[in-house]
2 protein chains.
Amino acid sequence: MTALDNAALRAATGAANGEQDRRAEIYRSAARIFHRKGYHATSINDIAAAVGLTKAGLYYYIKGKQDLLFAIMGFAMDQLDEQVIEPARRVEDPQARLETIVARHARLITQDSSALTILVNELEGLLPDDRADIIGRQRDYVDFIADTLAALRDEGKVLGLDPTVGAFSLVGMILWISRWYRADGRLDGDEVVAEVTRMAISAVLNRGEDSNAGNPARTGQPAKETRE
Amino acid sequence: MTALDNAALRAATGAANGEQDRRAEIYRSAARIFHRKGYHATSINDIAAAVGLTKAGLYYYIKGKQDLLFAIMGFAMDQLDEQVIEPARRVEDPQARLETIVARHARLITQDSSALTILVNELEGLLPDDRADIIGRQRDYVDFIADTLAALRDEGKVLGLDPTVGAFSLVGMILWISRWYRADGRLDGDEVVAEVTRMAISAVLNRGEDSNAGNPARTGQPAKETRE
DNA sequence: AGTAGTCTACCGACCGCCCGGTAGGTTCGC
DNA sequence: GCGAACCTACCGGGCGGTCGGTAGACTACT
């Protein structure tokens, strides 16, 4: 069920298969509305109307409100896994890996923040088992960042920073983008991603002259890896 | 706490300003519950039960659910004004001022995050006019931080950072604390505040050797003002 | 001292509304 | 004629909010 739904969601702007498209449209609409109004403030009717169905018609596609939320969150976590964690895992140098994580996560948010934002804001709307599932995956992500910070520390590029606090702080910085970034604003998505990535790297790296193991720490632009 | 307050209040019937105490207790309870479950997922009955009243009894003290939310948010903004903005305004050196802002805001969150977290998470629960009021005050806060970053840039301590993006990013880092910090966790509140403050300063200051207008930019530890 | 009135602080019962969800069709392409 | 894709009509229940009370402390007057 969940895997199927996720596959449906992933079929973004498709041509073929009618049912899958419809389902994907429903999930996308629901994600947008949940994002805008919040899960509890959104009624099944709101979603049905947004996709041009009645409430009963909508129930042909979904099992219930909570399942819908869980499916959206599962999709968001899959997105994070595929677009951020997996690519970053293939980067061996810790600093480059951190840049990959931040830049890719930030980019995901500037592109479409709905699902990823619901992922962090509506956890209490889930059933306990589902919530445990999502929280576990989130914790893995934070641990992944914390491990990267620990590796940077072992290289001597970071001094006296608690990796866990560092990881949480970076995540907070990134997630917050969805609250202030507007696609039609002064800065475009790429500029925002670059700015935030630079701040993130700068936040964890040691400043200045001291104890820097080799490696002429780049102080200017971020890395190349910010796009694929 | 609640039971104690109620017992004390009941025992001291006839004492001076019981009404204000009761009202404060209601706001505090409501803030805690809104924080835990979210505004929309919290019923008036939940709050009434938490303070040992019936729903009808609660309405003797409040005008409605939305007014209650607005009152809590107003209180949170007042707290921010008094404990963060005003003290920081009296610090003239921009870097020290930034440290004051971050440290004081972070400290407020580690002490009691309920109201301050509601302030950012439940905006859509407000009436449009109330929301505009709160958003305006929030924007003033971000502008205050952005101005401080701009001042740092004018001193040459910050290069090529957009002050607005910088301000938002720092705010995101700080606000996120309420999502992961536990008073009974590995680190105590002061340690977390210190860590986050160091990261924030490090995130915006220039690293290393280049193009620094005069001014021996401190590249080692941050400043003293991180605690009072 | 007694008692009538007043006010604070609450409660039980109720209202209309809308919620998530369902039963039982109906339409329509194949 | 059959199943996929929807619909209308409805259900029980909980919601925010209101109404009409009332116990009891306090005051005022006789």
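These numbers were taken from a predicted model, which means no experiment stands behind them. Proteins get letters first, then strands, A, B, ... in listed order; numbering begins at 1 in each.
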Length of the line joining [X]:[atom1] and [N]:[atom2], which is rounded to integer Å:
X: B:K55; N: D:dG16; atom1: NZ; atom2: P; result: 7 Å
X: A:I44; N: C:dC19; atom1: CD1; atom2: P; result: 10 Å
X: B:I62; N: C:dA9; atom1: CD1; atom2: C1'; result: 15 Å
X: A:D46; N: C:dC18; atom1: CG; atom2: P; result: 12 Å
X: B:R22; N: C:dA9; atom1: CZ; atom2: P; result: 10 Å
X: A:Y59; N: C:dC19; atom1: OH; atom2: C1'; result: 9 Å
X: B:N45; N: D:dG13; atom1: CG; atom2: P; result: 16 Å
X: B:K65; N: D:dT18; atom1: NZ; atom2: C1'; result: 17 Å

**Study point:** Short side-chain N/O contact from A:Y60 to OP1 or OP2 of D:dC6, under 4.0 Å
**Key:**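 Indeed not, no polar side-chain atom of A:Y60 lies that close.
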Review point. Do the charged groups of B:R28 and B:D21 touch, with an N to O distance under 4.0 Å?
Key: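 Result for this pair is no, no salt bridge flagged.
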Check your understanding: When rounded to the nearest 0.5 angstrom, what distance separates CG in B:D162 from CD in A:E195?
Key -> 5.5 Å
Check your understanding: What is the nucleic acid contact for A:L53, judged by heavy atoms within less than 4.0 Å: base, sugar-phosphate only, or nothing?
Key -> sugar-phosphate
Could you work out which one of [options] sits closest to the side chain of [X]?
X: B:T54; options: D:dA4, C:dC11, D:dC7; answer: C:dC11
X: B:S43; options: D:dG16, C:dC10, D:dA9; answer: D:dG16
X: A:A56; options: D:dA4, D:dC19, C:dA23; answer: C:dA23

Review point. Looking at B:F168, is A:R179 sitting on its ring face, NZ or CZ under 6.0 Å from the six-membered ring centre and within 45 degrees of the normal?
Key: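 No cation-pi geometry.
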Exercise for review: Name the orientation class of the two ring planes belonging to A:Y39 and A:F34 (parallel below 30°, tilted from 30 to 60°, perpendicular beyond 60°).
Suggested key: perpendicular
